[in-house]
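What follows is a short report on a single structure.
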Amino acid sequence: MAAWEAMNTRRELPESPYLAAVAGRKPHRVPVWMMRQAGRSLPEYRALRAKNTMMQACFDADLITEITLQPVRRHGVDAAILFSDIVVPLRAAGIDVDIVPDVGPVIGHPVRSRADVAGVGELDREQVAPVATAISQLTAALGEVPLIGFAGAPFTLASYAIEGGPSSNYARTKALMYGEPDAWHQLADTFATVVADYLTAQIEAGVQAVQGFDSW
């Protein structure tokens with residue numbers, strides 16, 4: 001996982017200890033935030049999630065806003081983390097993905113061949129418009145608390161797309177990498193562009209920092 005301060009001048013937060021630390025400056029105190037701020041520890045989050053699937057919540061601007069704000073209200077953390085999931089860019093690139101309880105991301109039609117790779121599209125900005133709307137709402141509500149955006153990194157997204165879901169050995173991913181290296185590089189390049197476009201959309205909407213999660 002890596003984090004970068006977004007080059008965004010629309011909302012200056014010069015005294016933010018989080019942004020100072022991300023940029024390599026010395027903060028006036030150690031910033032505190034948690035990677036999974038909205039989760040099982042919050043009863044208000046569990047109440048909302050009981051009524052909505054994960055994917056529904058990730059594409060609903062008002063739910064994204066409310067869930068992102070919940071841990072800030074409760075714990076007073078030094079940064080808000082945009083409520084989302086690392087596979088959101090896959091859905092926005094036209095891949096049939098769902099998040100199944102107790103399983104994780106599941107791909108309806110895994111990417112297994114050169115033809116499958118060629119069928120992966122660019123990021124559809126309309127698909128992630130609710131995310132941009134939520135970011136605008138959040139920056140208005142957060143005041144001096146910075147907002148962190150994020151996305152899954154290309155290798156992790158490619159692994160999910162190829163395997164069809166979580167894997168312990170990534171055999172199919174390795175098979176494509178070694179068996180069809182040209183197709184692999186094309187897929188990696190496609191996802192690199194998708195991720196860059198998605199993070200750019202978040203920055204343009206107002207986040208102050210972005211993270212890339214290469215879980216696999």
Side-chain angles (χ1 to χ4, degrees), residues 1 3 6 33-73 79-109 120-142 147-154 156-161 163-166 191 194-216:
M1 181 272 289
W33 76 101
M34 293 163 279
M35 186 178 296
R36 292 180 180 269
Q37 290 188 157
R40 297 186 183 100
S41 67
L42 299 183
E44 57 268 44
Y45 169 75
R46 295 199 303 271
L48 281 179
R49 285 282 287 108
K51 303 174 184 176
N52 304 274
T53 68
M54 183 67 177
M55 271 303 188
Q56 285 172 336
C58 286
F59 287 90
D60 184 301
D62 291 337
L63 284 174
I64 295 169
T65 301
E66 171 58 22
I67 295 171
T68 301
L69 290 173
Q70 286 176 350
V72 180
R73 295 192 199 108
I81 298 175
L82 182 70
F83 175 76
S84 189
D85 190 272
I86 61 173
V87 299
V88 163
L90 291 181
R91 172 73 68 88
I95 291 177
D96 179 13
V97 57
D98 195 12
I99 300 173
V100 179
D102 302 321
V103 176
V106 174
I107 309 299
H109 303 285
V120 178
E122 299 177 349
L123 182 82
D124 182 351
R125 284 277 188 122
E126 288 299 314
Q127 286 268 1
V128 296
V131 178
T133 298
I135 291 170
S136 296
Q137 294 175 172
L138 284 163
T139 54
L142 285 167
L147 177 62
I148 306 169
F150 70 90
T156 291
L157 296 184
S159 297
Y160 276 124
E163 299 293 336
F191 281 138
V194 167
V195 171
D197 288 346
Y198 183 46
L199 292 178
T200 297
Q202 293 182 41
I203 292 168
E204 290 174 350
V207 301
Q208 281 73 47
V210 291
Q211 296 179 313
F213 286 87
D214 220 344
S215 307
W216 306 132

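Atoms considered below: every heavy atom in the structure, side chains included; atoms not considered: hydrogens, waters and symmetry mates. Position 1 is the first residue of the sequence; numbering continues from there.
- Nearest heavy-atom pair across Val195 and Ala153 is CG2-C, 4.4 Å.
- Evaluation of the salt bridge (Lys or Arg N to Asp or Glu O under 4.0 Å) test over residues 122-131, restricted to residues two or more places apart or in two chains, returns Arg125-Glu204.
- Residues passing the side-chain hydrogen bond (donor to acceptor under 3.5 Å, both in side chains) test with Thr53, sequence neighbours excluded: Gln56.
- Gln202 CD to Ile135 CD1: the interatomic distance, rounded to the nearest 0.5 Å, is 4.5 Å.
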May I have the list of side-chain donor-acceptor pairs in residues 81-95 shorter than 3.5 Å, sequence neighbours left out?
unit_1	atom_1	unit_2	atom_2	d
Asp85	OD1	Val87	N	3.0
Arg91	NE	Val97	O	3.3
Arg91	NH2	Val97	O	2.7

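- Phe150 meets the ring-ring contact (aromatic ring centres under 6.0 Å, His included) test with Phe213; sequence neighbours excluded.
- Heavy-atom minimum distance, Ile64 versus Phe59: CD1-N, 4.4 Å.
- Residues passing the side-chain hydrogen bond (donor to acceptor under 3.5 Å, both in side chains) test with Tyr160, sequence neighbours excluded: Trp216.
- Residues passing the side-chain hydrogen bond (donor to acceptor under 3.5 Å, both in side chains) test with Gln127, sequence neighbours excluded: none.
- Legend: salt bridge (Lys or Arg N to Asp or Glu O under 4.0 Å) pairs involving residues 49-69, not counting sequence neighbours, sorted by first then second residue: Glu66-Arg73.
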If you look only at distance, which donor and acceptor atoms sit under 3.5 Å apart when one is on a side chain in residues 98-105 and the other is two or more places apart or in another chain?
none

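- In this view, Ser159 satisfies the side-chain hydrogen bond (donor to acceptor under 3.5 Å, both in side chains) rule with no residue, not counting sequence neighbours.
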